[in-house]
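Structure first, commentary second.
Lettering of chains follows the sequences in order, A, B, ..., and the numbering in each one begins at 1.
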Amino acid sequence: MRPSDVDPAQGVFGISVAADLVGMDPQSLRLYERRGLLEPARTDGGTRRYSSDDLARLQRIGYLLAAGLNLAGIAKVLELETENARLRAALELTHDADMARTSPLTRPRSVD
DNA sequence: TTTCTAACA
DNA sequence: TGTTAGTA
């Protein structure tokens, strides 16, 4: 299987490996999950499986923590970002490439 | 591996 | 408040 065939949304890493890759402790990863910042996949046995998307999310959490936000604030940020991505994806389906290039909200208004 | 608890800064 | 360590 080629690297390009790997689904970034599919969980493959155990918690120890995932924590190692992002420079965090497994305990912190569990705390983030309990606070609703993350929801990694589970094996049949119930152990966590972190995907590449999860790792990117963890690095985002680390960045926001360093920026001074607490976990509650980060949960809110990630929630809004997720919704924003969902809305943009829906917009992409409705509009053609030309419309998607400039947001209706930011497109300059004609002010005679 | 999980969850819980306590101590630290 | 978030991290770390110890426990079961």
Side-chain angles (χ1 to χ4, degrees):
Chain A
M1 178 188 278
R2 296 169 304 161
S4 56
D5 293 332
V6 177
D7 183 359
Q10 179 154 46
V12 287
F13 307 105
I15 191 172
S16 301
V17 177
D20 221 21
L21 288 175
V22 298
M24 294 171 168
D25 290 326
Q27 295 263 29
S28 299
L29 269 55
R30 299 190 185 103
L31 178 63
Y32 300 158
E33 179 176 359
R34 211 175 346 147
R35 298 296 183 80
L37 276 61
L38 198 64
E39 195 159 331
R42 298 281 184 151
T43 63
D44 294 338
T47 63
R48 296 171 174 82
R49 280 289 127 94
Y50 290 84
S51 68
S52 297
D53 287 346
D54 291 329
L55 296 186
R57 199 174 175 88
L58 285 172
Q59 290 177 325
R60 184 106 183 93
I61 291 172
Y63 172 80
L64 292 172
L65 275 174
L69 298 191
N70 61 17
L71 295 186
I74 295 175
K76 210 63 185 173
V77 168
L78 294 178
E79 175 188 329
L80 291 174
E81 285 181 348
T82 298
E83 183 190 13
N84 184 262
R86 184 182 59 77
L87 291 173
R88 284 188 176 279
L91 191 64
E92 193 75 18
L93 293 178
T94 343
H95 294 52
D96 60 0
D98 278 340
M99 289 297 290
R101 198 142 33 222
T102 53
S103 165
L105 299 177
T106 57
R107 188 185 303 121
R109 214 166 317 186
S110 57
V111 282
D112 41 29

> Can A:E79 and A:K76 be said to form a salt bridge (Lys or Arg N to Asp or Glu O under 4.0 Å), step by step?
Replying inline: CA-CA 5 Å; A:E79 175 188 329; A:K76 210 63 185 173; 3.7 Å; yes
> Hey, are the side chains of A:R48 and A:R42 touching, using non-hydrogen atoms and a 4.5 Å cut-off?
Replying inline: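 Yes; the side chains approach each other to less than 4.5 Å.
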> Do the side-chain N or O atoms of A:Y32 get closer than 4.0 angstrom to the phosphate oxygens (OP1, OP2) of C:dT1?
Replying inline: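 False: A:Y32 side-chain N/O out of range (4.0 Å or more) of C:dT1 OP1/OP2.
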>> OP1 or OP2 of B:dT1 versus the side-chain N and O atoms of A:S16: is any pair under 4.0 Å?
In response: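 It does, given that an N or O in the side chain of A:S16 lies less than 4.0 Å from OP1 or OP2 of B:dT1.
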Going by the side-chain contact (heavy atoms from CB on, under 4.5 Å) test, name the single residue among [options] that passes it with [X].
X: A:P26; options: A:D20, A:V17, A:I15, A:L31; value: A:I15
X: A:Y32; options: A:I74, A:L65, A:L78; value: A:L65
X: A:L58; options: A:L37, A:L29, A:D53; value: A:L29

Expressed as a whole number of angstroms, how long is the span from [X]:[atom1] to [N]:[atom2]?
X: A:M24; N: C:dT3; atom1: CE; atom2: C1'; result: 12 Å
X: A:L31; N: C:dT3; atom1: CG; atom2: C1'; result: 9 Å
X: A:L38; N: C:dG2; atom1: CG; atom2: C1'; result: 16 Å

>> Does A:E39, at its CD atom, have more than 12 non-hydrogen atoms belonging to other residues, nucleotides or ligands within less than 6.0 Å?
In response: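 Counting neighbours around CD of A:E39, 12 or fewer heavy atoms of other residues, nucleotides or ligands fall under 6.0 Å, so no.
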> Counting a pair only when it is Watson-Crick or G-U and both distances are under 3.5 Å, which runs of at least 3 such pairs involve DNA chain C?
Replying inline: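 Result, WC/G-U stems under 3.5 Å: B:4-9 with C:1-6.
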> Measuring from A:L69:CG to A:I61:CD1, what's the distance to the nearest 0.5 Å?
Replying inline: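 Going from CG on A:L69 over to CD1 on A:I61, the span is 11.5 Å.
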>> With rounding to the nearest 0.5 angstrom, report the CD to CG distance, A:Q59 to A:L55.
In response: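 It is 7.0 Å, given to the nearest 0.5 Å.
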> Going by heavy atoms closer than 4.0 Å, what residues in residues 58-68 of chain A are next to DNA chain C?
Replying inline: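 Residues of residues 58-68 of chain A that come under 4.0 Å of DNA chain C are, in numerical order, A:L65.
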>> I need a per-nucleotide contact map over nucleotides 2-8 of chain B, read 5' to 3'. Cutoff is protein heavy atoms under 4.0 Å; write B for the base, S for backbone only, - otherwise.
In response: BBB----
> Short question: side chain of A:D54, backbone of A:S51 - any donor-acceptor pair under 3.5 Å?
Replying inline: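 Confirmed, A:D54 side chain pairs with A:S51 backbone.
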>> Can you tell me which nucleotide in B:dT1, C:dT3, C:dG2 comes closest to the side chain of A:N70?
In response: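 Of B:dT1, C:dT3, C:dG2, C:dG2 is nearest to the side chain of A:N70.
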>> Would A:R88 and A:N84 count as a side-chain contact (heavy atoms from CB on, under 4.5 Å) here? Give the steps.
In response: CA-CA 6 Å; A:R88 284 188 176 279; A:N84 184 262; 3.2 Å; yes
